[in-house]
Student: 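Handing you this structure, nothing more for now.
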4 protein chains.
Amino acid sequence: MLYQIHFSDMSTDKKEHIILTAINLFATKGFEGTSIREIAAAANVNLAMINYYFGSKEKLFESIIDYKATYSRGAIADLVNDTTLSYQQKISQIIDGYVDRLFSNRNFHRLLYHELVTNTRPELQLNIVNNIIYPNTRTISALIDDGIKAGEFNQVDAKLTTVSLVGTINQILLSSGYCSKILGNKDVPNYDPYEDEEVKNRVKSHLQNMICGYLVKKQA
Amino acid sequence: MLYQIHFSDMSTDKKEHIILTAINLFATKGFEGTSIREIAAAANVNLAMINYYFGSKEKLFESIIDYKATYSRGAIADLVNDTTLSYQQKISQIIDGYVDRLFSNRNFHRLLYHELVTNTRPELQLNIVNNIIYPNTRTISALIDDGIKAGEFNQVDAKLTTVSLVGTINQILLSSGYCSKILGNKDVPNYDPYEDEEVKNRVKSHLQNMICGYLVKKQA
Amino acid sequence: MLYQIHFSDMSTDKKEHIILTAINLFATKGFEGTSIREIAAAANVNLAMINYYFGSKEKLFESIIDYKATYSRGAIADLVNDTTLSYQQKISQIIDGYVDRLFSNRNFHRLLYHELVTNTRPELQLNIVNNIIYPNTRTISALIDDGIKAGEFNQVDAKLTTVSLVGTINQILLSSGYCSKILGNKDVPNYDPYEDEEVKNRVKSHLQNMICGYLVKKQA
Amino acid sequence: MLYQIHFSDMSTDKKEHIILTAINLFATKGFEGTSIREIAAAANVNLAMINYYFGSKEKLFESIIDYKATYSRGAIADLVNDTTLSYQQKISQIIDGYVDRLFSNRNFHRLLYHELVTNTRPELQLNIVNNIIYPNTRTISALIDDGIKAGEFNQVDAKLTTVSLVGTINQILLSSGYCSKILGNKDVPNYDPYEDEEVKNRVKSHLQNMICGYLVKKQA
DNA sequence: GATGAATGAGCGTTCATTCAT
DNA sequence: CATGAATGAACGCTCATTCAT
């Protein structure tokens with residue numbers, strides 16, 4: 001019995017280890033550009049184990065989606081239901097939290113968008129949109145709509161405002177080369193702009209100013 | 001003589017035909033996910049012709065970049081130099097033009113971002129960023145900076161405002177499934193949101209409101 | 001347990017089987033003229049197995065070299081150190097042994113010379129010369145030099161005398177058509193001169209006479 | 001009429017130019033290892049011209065054989081019929097002439113032996129053996145036989161003695177790496193042993209000593 | 001559960017050759 | 001005569017996957 005548990009734990013750890021390795025490789029080199037041989041080598045497991053565990057390369061990808069989907073839910077929802085905050089405060093906190101989350105999960109995030117851009121596997125796309133991307137968008141845009149109804153926000157296009165919020169962050173996360181080129185490369189060897197707090201703060205404050213400025217009614 | 005011209009045209013047409021076919025396939029399935037056999041079949045040319053014309057799959061990709069790069073230059077620049085327009089008017093026209101251009105070149109655009117997200121071939125990334133993406137970003141953000149200096153615009157982060165503009169459009173162009181889900185799928189068979197003028201106008205007016213509202217000083 | 005051993009043997013056998021098959025094909029059609037598909041078909045193994053076992057066609061070739069190199073060492077060296085023999089006796093035995101060895105390894109030998117004549121892959125050439133061809137040549141010519149110093153042999157060009165020894169055998173082994181034409185084709189269907197003991201003995205006795213006659217001092 | 005001659009001359013020159021270019025490439029990289037694209041590029045002619053002129057790659061090869069075969073006949077024959085020379089003098093001159101000729105035609109010679117070693121195209125092999133290689137061998141060995149009959153030479157195996165003569169030179173011409181390794185590389189950048197007169201003379205005098213010593217009767 | 005061996009399909013590329021002009 | 005364009009076959013190699021143990 002102990003054996004089984006021990007084994008199962010090892011197996012879970014191994015699966016997780018493979019998933020985490022695969023996320024980085026997929027995010028970096030794309031789904032088609034990454035071979036399961038590479039994943040096996042990087043994760044230091046036998047090549048056949050990946051198919052053994054996940055069934056196929058395709059299903060490994062889906063496992064990644066599932067793994068992260070369950071992991072990243074509910075963060076925004078809690079905040080929305082907090083009644084002690086004004087709508088502006090809520091949006092403000094959402095922006096900060098969102099930037100933080102997307103920056104630290106940027107590899108997984110890239111992988112998601114990689115899959116979205118790619119038109120193959122439409123069921124998987126649907127899954128991603130419905131279960132991961134759309135829920136957050138809907139929650140935020142619903143909050144904006146509520147703020148509008150409550151008279152605190154201007155009559156804006158809530159959906160597209162949310163799209164602008166997410167789109168700005170995604171645009172920044174696209175490629176470190178692009179990001180550095182735009183925001184200014186620092187004289188640091190192997191500079192990674194996504195690990196630079198200044199960059200993150202600059203994005204946060206830009207979004208705060210632009211989005212909140214757009215939403216919140218100006219007093220006469 | 002006429003024959004020769006006709007022949008030469010055929011050859012150019014064929015190259016262009018291959019390029020246009022490849023853009024769609026690359027945009028849909030990614031660079032690694034598209035085989036030159038697929039491209040050859042889709043373009044109805046012999047497999048070996050692709051290497052004959054372009055040298056390699058890699059160089060075909062670069063040819064696409066070059067083909068579109070020369071094609072899409074200068075559109076914004078002309079507008080910027082027009083002295084009869086206010087900064088607000090310029091930005092406003094840029095937004096409309098940008099949405100139109102990115103919507104109609106969405107496949108090529110997707111291909112670019114596909115390549116940016118994917119980290120392989122860093123020299124090509126650099127080429128894309130430097131020659132295609134950055135120039136537009138720089139022109140727009142320079143215009144914003146000029147508007148700030150002229151006192152017509154607020155003191156905003158010009159770079160990131162430009163990023164928000166581009167990022168919003170890209171976010172919409174990511175996937176038709178996502179776009180439909182967000183903006184509302186119409187009851188049309190094989191509905192393509194990117195061919196829907198309403199969608200385009202909605203994006204335009206959102207960006208007009210948000211970006212211009214953010215930039216232009218409010219009168220007391 | 002027996003199973004495992006059996007399995008392991010099969011795998012070694014398979015590698016060896018591929019190598020032996022490849023030697024004949026390479027020797028007959030040359031390295032470039034032989035495709036790994038042909039080798040796979042002739043050896044009755046899956047095409048991909050060759051790369052699985054050897055890594056590449058190039059490395060298969062090197063494996064052949066290594067396989068035979070280890071196999072064919074030390075034959076001459078032992079003889080040289082035998083103190084009970086006169087130099088003439090040593091040379092005499094070397095000639096007989098050399099003819100035997102080259103005749104029975106003629107395919108591998110042809111392959112070596114095929115590679116030497118062809119100038120591609122210079123590192124491999126160096127490897128062949130340094131590790132296979134040169135050692136034998138050096139051993140023999142050193143023996144001749146010793147015979148000279150000992151006063152038993154005439155003052156000849158030891159290196160070139162060795163070259164004549166090897167060159168004569170190689171010239172005979174060049175092509176069975178040439179060999180038959182020179183030494184007389186027998187009225188035997190599918191006659192292979194290299195399997196004809198008479199031919200071998202004729203070569204041996206010619207070399208004995210010529211080389212030994214050249215080396216050994218005539219008594220007054 | 002003049003046009004035709006002019007053209008025909010140009011065409012002959014071009015054919016010859018292609019042949020000479022091809023000899024070097026084939027000799028260096030082998031028949032299979034050389035593409036007609038390379039030959040076309042090196043000879044600075046259109047790719048299609050080679051098939052146009054020679055019909056196929058195979059036939060180009062045969063054209064080379066024919067071209068050189070007609071070119072290199074009769075050199076030895078004249079000498080044999082000279083009645084003012086002793087047999088020893090004739091053999092001695094043949095050795096010198098043979099070394100000179102093979103050294104300066106080493107590329108073509110290599111190509112011949114490349115083809116002999118390779119077992120494909122048996123009719124071509126027959127052609128080479130019958131028309132190029134055998135005639136010389138026969139002439140020389142017939143001379144030796146005559147010398148034996150005349151009582152000037154020892155009763156040797158005339159055929160194999162001729163083989164030793166040719167085989168020694170071929171062994172030296174095999175590869176410049178091998179040759180340098182055996183005969184001592186000089187401290188000259190891009191040293192080509194085959195252009196070194198010392199090497200040639202050393203080979204000549206070795207063969208003179210060994211072959212003539214073997215053939216010519218010792219006086220009591 | 002874990003793994004080396006094996007498979008068949010497909011990859012990007014290059015080949016010798018032929019065609020249309 | 002000469003040539004760019006085109007072709008179909010084959011190249012070496014790697015892929016995701018399966019199998020036997």
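Heavy-atom basis, side chains included; hydrogens, waters and symmetry copies ignored. Numbers restart at 1 for each chain; the letters A, B, ... are given by sequence-line order, proteins then strands.
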Student: To the nearest angstrom, how far is C:Phe54 atom CZ from E:dA6 atom P?
Tutor: 11 Å

Student: B:Ile50 CD1 to E:dT14 P: how many Å, rounded?
Tutor: 14 Å

Student: Rounded off to whole Å, could you give me the CE-to-C1' distance for the B:Met49 and E:dA20 pair?
Tutor: 13 Å

Student: Given side chains that start at C-beta, do those of B:Asn131 and B:Leu126 come closer than 4.5 Å, heavy atoms only?
Tutor: no

Student: Does the structure place the NZ or CZ of C:Lys59 under 6.0 Å from the centre of the six-membered ring of C:Phe54, at an angle of no more than 45° from the ring's axis?
Tutor: no

Student: Would you mind reporting whether C:Phe108 and C:Ile132 have side-chain heavy atoms less than 4.5 Å apart?
Tutor: yes

Student: Kindly confirm or rule out a cation-pi arrangement of A:Lys14 over A:Tyr53, judged by NZ or CZ under 6.0 Å from the six-membered ring centre and within 45° of its axis?
Tutor: no

Student: Taking C-beta and beyond as the side chain, do D:Lys57 and D:Phe26 meet within less than 4.5 Å on heavy atoms?
Tutor: yes

Student: Answer whether the closest heavy-atom distance between the side chains of D:Gln125 and D:Ile128 falls below 4.5 Å.
Tutor: no

Student: Salt bridge check: are C:Glu32 and D:Lys29 linked by an N-O gap of less than 4.0 Å?
Tutor: no

Student: Taking only side-chain N and O atoms of B:Lys14, does any of them lie within less than 4.0 angstrom of OP1 or OP2 on F:dA6?
Tutor: yes

Student: I'd like to check A:Ile65 versus A:Leu111 (side-chain heavy atoms, cut-off strictly below 4.5 Å). Are they in contact?
Tutor: yes

Student: Separation of A:Asn46 atom CG from E:dA5 atom P, in whole Å?
Tutor: 11 Å

Student: When you check every protein heavy atom under 4.0 Å of nucleotides 11-18 of chain F, what one-letter string (B, S, -) results, 5' to 3'?
Tutor: BBBBBBBB

Student: Using whole Å, report how far CD1 of A:Ile18 lies from C1' of E:dA2.
Tutor: 12 Å

Student: Give the dot-bracket string for DNA chain F, reading 5' to 3', where a pair is Watson-Crick or G-U wobble with both distances under 3.5 Å, ( ) marks pairs inside the strand, [ ] marks pairs crossing earlier ones, | marks a partner on another strand, and . marks unpaired.
Tutor: .||||||||||||||||||||

